[in-house]
Novice: 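Next up is a structure, given as C-alpha cells.
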Amino acid sequence: MKIYVIYDSEGNHTKALAEAIAHGAAMVPGAEVLIDHVNEADVYKLPEMDAIIWGCPGHFGTISSSLKTWIDKLGYLWAEGKLINKVGAVFCTTATLHGGLEATMLNLITPMLHQGMIIVGLPGTVPENALYGSYYGVGISCPPGVDGSITTKDFQLGEALGKRVAHVTRSFINEL
C-alpha cells in the first residue's frame with residue numbers, strides 16, 4: 001500500500017509534523033510511505049497512491065498559498081476521477097492557540113471531498129487525541145520564536161494519524 005505525505009512548511013514545524021505522520025504510517029506492515037515538500041511533490045504520482053495526506057501552516061484559517069497552488073493543479077485528476085476512493089487525511093500548524101486550526105483543516109478536506117476521496121480523521125478514542133487533538137486531522141500550535149521542533153505530544157499525535165490512515169487504507173484495500 002502506498003501512502004503519500006505532501007506538506008508545505010515555513011518554519012519547519014509543519015515539516016516535523018509531516019515526518020511524524022510518515023513515521024506512524026511506516027510503522028504499519030505493508031506501508032510504503034513517500035514524503036515530499038509541496039515544491040517537490042508530483043501530482044502525477046497521486047493516481048498510484050492508496051492514501052494521500054496533505055498539510056500546511058494555517059494562514060488566517062485557510063490553506064497556505066503554496067499548497068493551494070499545488071492542489072489547484074489537480075483538476076485533470078478530478079475530470080478523470082483518478083482520486084475517487086483514495087483515502088485522504090489532513091494536518092496543519094498555526095502560530096497561536098485557536099489560530100484557525102480546524103478552519104484550515106476543513107479547507108484542506110474540501111478538495112479531497114471534491115475528488116471523491118474517503119476522509120480519515122482521529123476519533124476521540126485514539127488516546128493521543130482524547131484531550132489534545134481534533135477530529136478533522138492533526139492540528140498543532142507552534143508559537144513564534146520556537147525552533148522548528150515539535151513537542152513529544154505533537155509527534156505522538158502525528159504518528160497516531162499516520163498509523164490510523166495506514167490501518168484504514170489496508171482495511172479498505174482488503175475489502176476491494
Novice: Measuring from L77:CG to I71:CD1, what's the distance to the nearest 0.5 Å?
Specialist: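 Reported to 0.5 Å precision, the distance equals 12.0 Å.
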
Novice: Does any non-hydrogen side-chain atom of E32 lie less than 4.5 Å from one of I3?
Specialist: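 Not touching, per the 4.5 Å side-chain cut-off.
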
Novice: In this structure, would V168 and M27 fall into the same cluster of hydrophobic residues linked by side-chain contacts under 4.5 Å?
Specialist: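 Not linked; separate clusters.
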
Novice: Taking atom CD of E102 and atom CD1 of I109, what is their separation to the nearest 0.5 Å?
Specialist: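 The CD1 atom of I109 is 9.5 Å from CD of E102, to the nearest 0.5 Å.
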
Novice: Can you check whether E19 reaches I35 side chain to side chain, under 4.5 Å on heavy atoms?
Specialist: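 When only atoms from C-beta onward are counted, I35 and E19 do touch, with a gap below 4.5 Å.
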
Novice: What do the steps show when you test V28 against R170 for side-chain contact (heavy atoms from CB on, under 4.5 Å), and what is the final call?
Specialist: CA-CA 9 Å; V28 176; R170 185 175 61 196; 3.5 Å; yes

Novice: For the pair E48 (side chain) and K2 (backbone), establish whether a donor and an acceptor sit closer than 3.5 Å, ignoring hydrogens and angles.
Specialist: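 Checking the backbone N and O of K2 against the side chain of E48, no donor-acceptor pair under 3.5 Å is found.
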
Novice: Begin with the C-alpha distance, continue with both residues' side-chain angles, and end with the deciding distance and a verdict on side-chain contact (heavy atoms from CB on, under 4.5 Å) for T94 and I140.
Specialist: CA-CA 6 Å; T94 60; I140 62 172; over 6 Å; no

Novice: Nearest 0.5 Å, please: how far is SG in C56 from NE2 in H37?
Specialist: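 The NE2 atom of H37 sits 10.5 Å away from the SG atom of C56.
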
Novice: If we count only N and O atoms by modelled type, under 3.5 Å, do the side chains of T169 and D50 hold a donor and an acceptor together?
Specialist: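 Result is no, nothing qualifies.
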
Novice: Please report the shortest heavy-atom distance between L83 and M117, naming the atom on each side.
Specialist: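 Looking at all heavy atoms of both residues, the shortest contact is O-CG, 3.4 Å.
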
Novice: Working to the nearest 0.5 Å, report the span between NE2 of H13 and OG1 of T93.
Specialist: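 Spacing of NE2 (H13) from OG1 (T93) equals 7.5 Å.
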
Novice: When you look at NZ of K86, are more than 12 heavy atoms from neighbouring residues, nucleotides or ligands closer to it than 6.0 Å?
Specialist: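 Atom NZ in K86 is packed in, count exceeds 12.
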
Novice: Supply the atom-to-atom distance L34 CG to Y4 OH, rounded to the nearest 0.5 angstrom.
Specialist: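 Answer for the CG-OH pair, L34 versus Y4, is 6.5 Å.
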
Novice: Please determine whether residues V5 and L161 belong to a single hydrophobic cluster, defined as Ile, Leu, Val, Met, Phe, Trp and Tyr linked transitively by side-chain heavy-atom distances below 4.5 Å.
Specialist: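 Per the 4.5 Å side-chain linkage, V5 and L161 are co-clustered.
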
Novice: Would you say the side chain of C92 lies within less than 4.5 Å of the side chain of L101, judging by non-hydrogen atoms?
Specialist: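 Side chain of L101 against side chain of C92, heavy atoms only: contact under 4.5 Å found.
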
Novice: If two hydrophobic side chains count as joined below 4.5 Å and joins carry through other members, does I119 share a cluster with L106?
Specialist: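 They do share one cluster, since a chain of ILVMFWY contacts under 4.5 Å joins I119 to L106.
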
Novice: Closest approach of T104 and I63, non-hydrogen atoms and distance?
Specialist: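 Heavy atoms of T104 and I63 come nearest at CG2-N, 4.5 Å.
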
Novice: Considering non-hydrogen atoms only, spot the tightest contact between A26 and V33 and give its length.
Specialist: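 Answer, listing the atom of A26 first, then V33: N-CG2, 3.6 Å.
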
Novice: Are D36 and Y7 close enough that a side-chain donor and a side-chain acceptor fall under 3.5 Å?
Specialist: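 Their side chains do not contain a donor-acceptor pair, so the 3.5 Å distance test is not met.
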
Novice: Is there a side-chain contact between I53 and I6 in this structure, where contact means two heavy atoms from C-beta onward sitting under 4.5 Å apart?
Specialist: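 SC-SC contact between I53 and I6 ruled out.
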
Novice: Please report the C-alpha distance between M112 and I118 in whole Å, then the side-chain angles of each, then the deciding distance to 0.1 Å, and finally whether the side-chain contact (heavy atoms from CB on, under 4.5 Å) criterion is met.
Specialist: CA-CA 8 Å; M112 290 181 167; I118 299 162; over 6 Å; no

Novice: Quick one: closest heavy-atom pair of N85 and F172, and the distance?
Specialist: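 For N85 and F172, the tightest heavy-atom pair comes out as O-CE2, 3.3 Å.
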
Novice: So do L108 and F91 actually touch side chain to side chain, heavy atoms under 4.5 Å?
Specialist: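 No. Closest side-chain heavy atoms not under 4.5 Å.
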
Novice: Would you confirm whether the ring centroid of Y44 sits within less than 6.0 angstrom of the ring centroid of Y76?
Specialist: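 They qualify: ring centres under 6.0 Å apart.
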
Novice: Please report the closest heavy-atom contact between Y135 and G124, naming both atoms and the distance.
Specialist: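 Scanning both residues, the minimum pair turns out to be CE2-N, 3.3 Å.
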
Novice: Hydrophobic cluster membership, with links at side-chain heavy-atom distances under 4.5 Å among I/L/V/M/F/W/Y: are I52 and M105 in one?
Specialist: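 They do share one cluster, since a chain of ILVMFWY contacts under 4.5 Å joins I52 to M105.
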
Novice: Identify the residue among V87, V120, I21 that makes a side-chain contact (heavy atoms from CB on, under 4.5 Å) with R164.
Specialist: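 So, applying the side-chain contact (heavy atoms from CB on, under 4.5 Å) to R164 and each of V87, V120, I21, only V120 qualifies.
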
Novice: Flag yes if more than 12 heavy atoms outside Y136 fall under 6.0 Å of its OH atom; otherwise flag no.
Specialist: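 12 or below, so no.
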
Novice: Could you tell me whether the side chain of P57 reaches within less than 4.5 Å of the side chain of H59, counting heavy atoms only?
Specialist: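 SC-SC contact between H59 and P57 confirmed.
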
Novice: Assess the residue pair D72 and T69 against the criterion (side chain to side chain donor-acceptor pair (under 3.5 Å)); give the C-alpha distance rounded to whole Å, side-chain angles, the decisive distance to 0.1 Å, and a yes or no.
Specialist: CA-CA 5 Å; D72 287 345; T69 298; 5.5 Å; no

Novice: What closest approach, in Å, do P47 and K82 show between heavy atoms, and which atom pair accounts for it?
Specialist: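 For P47 and K82, the tightest heavy-atom pair comes out as CG-CB, 4.2 Å.
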
Novice: Are the side chains of T14 and D8 in touch, meaning some heavy atoms are under 4.5 Å apart?
Specialist: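 A side-chain contact under 4.5 Å is absent here.
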
Novice: Should the ring pair W70 and W54 be called parallel, tilted or perpendicular, given that the plane angle runs from 0 to 90° and is split at 30 and 60?
Specialist: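 If you compare the ring of W70 with that of W54, the planes turn out perpendicular.
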
Novice: Starting from L113, can I reach M49 by hopping between I/L/V/M/F/W/Y residues whose side chains sit under 4.5 Å apart?
Specialist: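 M49 clusters together with L113.
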
Novice: Contact between L122 and V138 at the side-chain level, heavy atoms closer than 4.5 Å - yes or no?
Specialist: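 A side-chain contact exists here, since the closest heavy-atom pair is under 4.5 Å.
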
Novice: Can you tell me if T151 and D154 form a side-chain donor-acceptor pair at under 3.5 Å?
Specialist: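 Indeed, the side chains of T151 and D154 share at least one donor-acceptor pair under 3.5 Å.
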
Novice: Working to the nearest 0.5 Å, report the span between NZ of K163 and CD of E159.
Specialist: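 Interatomic distance, K163 NZ to E159 CD, rounded to 0.5 Å: 4.5 Å.
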
